[in-house]
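Below is one structure, written out as structure tokens; comments come after it.
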Amino acid sequence: MDRRFLFVLGSARSDGNTELLARRAAEQLPPDVEQQWIDLAAHPLPDFEDLRHDSDHVRPTEGEAALLLDATLAATDVVIASPLYWYSVSAQTKRYLDHWAGWLRTPGLDFKTTLAGRTLWGVTALAHEEPEVADPLVGTLNNSAAYMGMRFGGVLLGNGSKPGDVLKDTEALARAKTFFARDAPLARFPYEAG
């Protein structure tokens with residue numbers, strides 16, 4: 001299967017620092033690697049409704065949920081580009097991940113089986129100088145990948161608060177040049193690492 005990257009933009013602001021950093025990393029991908037960019041602010045998902053015990057799930061066939069489901073299933077690499085909001089992913093990003101729970105239970109979809117072995121990546125910009133404050137965001141993505149049987153390529157961190165600040169973070173821009181070239185190991189829950 002040829003590599004196909006899905007970039008899920010989870011910022012409340014277009015062309016924000018996280019998106020700028022993700023685009024810098026994406027520029028390094030070979031030209032034959034297909035890229036699809038979906039901005040969750042432009043394609044808002046409805047609130048997730050947990051119907052696990054109440055009804056059968058039906059595959060969405062139209063609207064934003066169908067767009068994101070189809071794009072996720074078609075991707076070999078899913079890149080969550082979410083700014084650090086209150087030390088985790090944005091509300092839009094969390095809503096997207098919540099929809100995974102419904103897609104897991106949709107008959108005939110085989111969502112978990114399809115994503116198993118594929119790679120989840122993260123890109124985030126944070127205003128703090130200390131990268132440890134992004135640990136909850138990293139944990140959310142790592143644990144989601146581990147649950148799905150996916151590989152986890154880690155999170156590309158950049159520093160920036162005002163629009164365009166991340167372009168002054170020379171270390172983050174240097175990491176962006178090789179971020180997607182790294183081998184992504186199979187994700188493991190923290191308790192499995194020992």
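- Of the possible polar contacts, one joining the Asn17 side chain to the Gly164 backbone as a donor-acceptor pair under 3.5 Å is found.
- Contact detail for Gln35 and Ala26: the closest heavy-atom pair is NE2-O, 3.3 Å.
- Rounding to the nearest 0.5 angstrom, the gap separating the CD atom in Glu132 from the CG atom in Leu157 is 9.5 Å.
- For the atom pair Lys112 NZ and Leu104 CG, the distance stands at 7.0 Å (nearest 0.5 Å).
- Taking 4.5 Å as the limit, some side-chain heavy atom of Trp100 sits within range of a side-chain heavy atom of Leu115.
- The two atoms that bring Asn142 and Arg188 nearest to each other are ND2-O, 2.9 Å, heavy atoms only.
- A distance of 5.0 Å separates CG in Leu137 from OG1 in Thr124, rounded to the nearest 0.5 Å.
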Table please: side-chain donor-acceptor pairs of residues 69-76 below 3.5 Å, with sequence neighbours left out.
{"unit_1": "Asp70", "atom_1": "OD1", "unit_2": "Arg59", "atom_2": "NH1", "d": "3.0"}
{"unit_1": "Asp70", "atom_1": "OD1", "unit_2": "Arg59", "atom_2": "NH2", "d": "3.2"}
{"unit_1": "Thr72", "atom_1": "OG1", "unit_2": "Leu68", "atom_2": "O", "d": "2.6"}
{"unit_1": "Thr72", "atom_1": "OG1", "unit_2": "Tyr96", "atom_2": "OH", "d": "2.7"}
{"unit_1": "Thr76", "atom_1": "OG1", "unit_2": "Arg4", "atom_2": "N", "d": "2.8"}
{"unit_1": "Thr76", "atom_1": "OG1", "unit_2": "Arg4", "atom_2": "O", "d": "3.2"}

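- Closest non-hydrogen pair, Leu109 versus Thr114, comes out as O-OG1, 3.9 Å.
- Residue Asp2 places its CG atom among 12 or fewer non-hydrogen atoms of other residues, nucleotides or ligands, all under 6.0 Å distant.
- Across all non-hydrogen atoms, the minimal contact from Ala146 to Ala187 is N-CB, 3.4 Å.
- How far OG of Ser90 is from CZ of Arg13: 12.5 Å, rounded to the nearest 0.5 Å.
- Leu186 is not connected to Phe152 by any chain of hydrophobic side-chain contacts under 4.5 Å among Ile, Leu, Val, Met, Phe, Trp and Tyr, and they are in different clusters.
- Among residues two or more places apart in sequence or in another chain, the salt bridge (Lys or Arg N to Asp or Glu O under 4.0 Å) test is passed with Lys94 by Asp98.
- Partners of Tyr147 by ring-ring contact (aromatic ring centres under 6.0 Å, His included), not counting sequence neighbours: none found.
- The salt bridge (charged side-chain N to carboxylate O under 4.0 Å, His left out) contacts involving residues 166-185 comprise Asp165-Lys168, where partners must be two or more places apart or lie in separate chains.
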Could you please spell out the steps behind the side-chain contact (heavy atoms from CB on, under 4.5 Å) verdict for Ile38 and Val8?
CA-CA 5 Å; Ile38 298 179; Val8 179; 5.5 Å; no
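- Not counting sequence neighbours, Arg24 has no partner by the salt bridge (Lys or Arg N to Asp or Glu O under 4.0 Å) test.
- By the 4.5 Å side-chain criterion applied to Ile, Leu, Val, Met, Phe, Trp and Tyr, Val166 is assigned to a cluster that also includes Phe5, Phe7, Leu9, Leu20, Leu21, Leu29, Val33, Trp37, Val79, Trp121, Val123, Leu156, Leu167, Leu173, Phe179, Phe180.
- Scanning for side-chain contact (heavy atoms from CB on, under 4.5 Å) contacts around Thr140 gives Ser88, Leu97, Ser144, with sequence neighbours left out.
- When all heavy atoms are compared, the tightest approach of Thr93 to Gly10 is OG1-CA, 3.3 Å.
- Of all the heavy atoms in Leu120 and Ala145, the pair that sits closest is CD2-CB, 3.9 Å.
- A distance of 8.0 Å separates CZ of Arg118 from CE of Met150, quoted to the nearest 0.5 Å.
- Annotation: ring-ring contact (aromatic ring centres under 6.0 Å, His included) contacts of Tyr85 (sequence neighbours excluded): none.
- Checked against salt bridge (Lys or Arg N to Asp or Glu O under 4.0 Å), Arg3 has the following partners two or more places apart in sequence or in another chain: Asp77.
- For Glu129, the side-chain contact (heavy atoms from CB on, under 4.5 Å) partners at least two apart in sequence or on another chain are Asn159.
- Ser11 OG to Leu40 CG: the interatomic distance, rounded to the nearest 0.5 Å, is 10.0 Å.
- Between Pro190 and Asn143 the shortest side-chain heavy-atom distance falls below 4.5 Å.
- Taking His99 as the reference, Leu45, Pro46, Phe48, Arg95, Trp103 meet the side-chain contact (heavy atoms from CB on, under 4.5 Å) condition, with sequence neighbours excluded.
- No donor-acceptor pair closer than 3.5 Å links the side chain of Gln28 to the backbone N or O of Ala25.
- In this view, Glu19 and Arg23 satisfy the salt bridge (Lys or Arg N to Asp or Glu O under 4.0 Å) rule, not counting sequence neighbours.
- Pro83 has its side chain within reach of Thr18: a pair of non-hydrogen atoms, C-beta onward, lies under 4.5 Å apart.
- The backbone N or O of Ala184 lies less than 3.5 Å from a partner atom in the side chain of Arg151, making a donor-acceptor pair.
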